[in-house]
Amino acid sequence: PKASTMETETLLSTSPPLCKHWARSKVCLYHNSGKCKFSHPADYEVPIVTNINGLKNNTKNVNKNQKQRHRSTGGRLQTRNDTRVAKMRSFIATFLDLSKCNILDVAGGKGEMAFQLLNLSNAATCHVIDPRPLSLTRFQKRLRRGFYHRSASVLGTVQDIVRQQDEPERPVGHLRCFFREELWQEDEENLEEEKQSGNHQQEFENNCQNSQKWTWPPVGADNEHANISNCGHDDKDENNYSIRTTSAATTAATATAAITTNELAMPQIESLTFDHASSTVKHANLIIGMHPDQAVDAIVDAALHLNISFFVVPCCTYSREFPHRRLKYIPPPRPHDSDGDNDKDNGNMNINVNDKRVTTYSDLLAYLQEKSPDIQRHLLPFEGKNVCLYRIV
C-alpha cells in the first residue's frame, strides 16, 4: 500500500498542472495546435468560430448573435475577440507594406493596435487619436515576456511580425482629442462657414476642451452603447471616460488625476497643438479603426478626402446620435448579413429605398459603402462585430 501511494504521489508531482487558459475560459488555442505543455481534459475540443447570420443591432436579433458567442463557467454569454487586434493587423499587412505607412489609429482606446503595429509590424509611425489616456502597461509586459512572438504561430499572424522580441520598444504617439474635420480640411475650404463658426484653430481648441471632459462609456439610461451587450466591444479599463457637466475645478482635477495615473504607462504623449495635430493627420497614408463607435463616419470621410487607404471594423450603430444618416439603396443580400428570408425576386439589383434612415448594423455597413464604390468588405476570423470595410489606394 505504501509503495502504491508513493507511485501515485510521484505521478501527480510529475504531471503538468492544469492549463490556466482552459480553466478560465474552457478554450486553449495552444492545445489545439499541439503546443500547450499543460494538461487538459481528455475529451476537450476547441469550439469552431462560426459566422453569424444576422448582424442587426437590436434586441430582436439577440438569438442570432448568440450563435457566435459562448457561455462562461457561470453561464454568462461572452464574446471571444481577444485576438481581434492581431487578426486585423495581419489582414492589413496582406495588402500594405506597413514599414512605409504613417498610420492613424482612430478611437484606439488603450493603444493596443498602435503598440502592435509599431513593435511587431514595424510601422513607420502610428498615432492614436482618442480623448482617453492610453494604458500600455499590459501590452508592454506581453512584449517583454515574448507573448506576441510565441502566440503568432497559433494565431496565424507570423508573416506580419518583422521585429524581434529583444529590439527596443517604440513609443506610441497620442493625439488626445476627437477626430473631427478641422484636422484634415484645408483652411481654404468652407470659408463662408468659417466666418460664422470660427476658424479651424478655434474649433480644435473647443475639441480639446471637450476631450478633457470625456468619459467612457457614456452615462445615462439612454446610452445606446450600454444597451448593446453583444457587439463584441471590450474596452474596459480602470478609468471611465463621456462629456459630463461639471465645474471647471472638478474637470481640471479629474483630468490631472487621470494624467498622473497613466503617466508611467504613456510617457509618449506629445504636446498637443493644432499645427502638430493637423500636420500628423494630413501626412498620414493609412487610417484604421477597430470598433471606433461614433468615429466611423469621420474615418471614412477623412480617408476619402485625403485619398488614402483605410481599414475600419464598425461596431455600434448609434442611430439616435446620427439621425442624418440616410441609406439610398438596400444592397443585395450577403451570406453574413442576411436571414435567408430575402425576396428572391431582388436578384443582384440594389433596391431604391428613397433615403431610408440607418437603424441597423446592416444598414450602417451599406451606408458606409455608399460613400465610395471602391470600399470593400471582409469578414475577420473572430467573434462579435467582425466585418471590416476597407479601401486601398
Around atom [atom1] of [X], are there more than 12 heavy atoms of other residues, nucleotides or ligands at under 6.0 Å?
{"X": "R138", "atom1": "CZ", "value": "no"}
{"X": "R144", "atom1": "CZ", "value": "yes"}
{"X": "H378", "atom1": "NE2", "value": "yes"}

Under 3.5 Å, side chain of [X] to main-chain N/O of [Y], donor-acceptor pair present?
{"X": "S90", "Y": "A86", "result": "no"}
{"X": "R325", "Y": "V358", "result": "no"}
{"X": "H174", "Y": "R132", "result": "yes"}

Please work out whether the ring planes of F382 and H291 are parallel, tilted or perpendicular, with thresholds of 30° and 60°.
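Answer is perpendicular, since the angle exceeds 60°.
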Within the 3.5 Å criterion, strictly below it, is a donor on N206 or Q202 matched to an acceptor on the partner's side chain?
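Their side chains do contain a donor-acceptor pair, which is all the 3.5 Å distance test asks for.
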Do you see a donor-acceptor pair shorter than 3.5 Å between the side chains of N102 and T125?
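A pair is found: one side chain offers a donor N or O, the other an acceptor, under 3.5 Å apart.
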May I ask you to establish whether K110 and F139 are in a cation-pi arrangement, using a distance under 6.0 Å from NZ or CZ to the six-membered ring centre and at most 45° from the ring axis?
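Negative - K110 is either too far from the ring of F139 or too far off its axis.
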Does the structure place the NZ or CZ of R180 under 6.0 Å from the centre of the six-membered ring of F178, at an angle of no more than 45° from the ring's axis?
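Yes, a cation-pi geometry holds between R180 and F178.
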From Y390 atom OH to F95 atom CZ, the distance as rounded to the nearest 0.5 Å
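Between atom OH of Y390 and atom CZ of F95 there are 4.0 Å.
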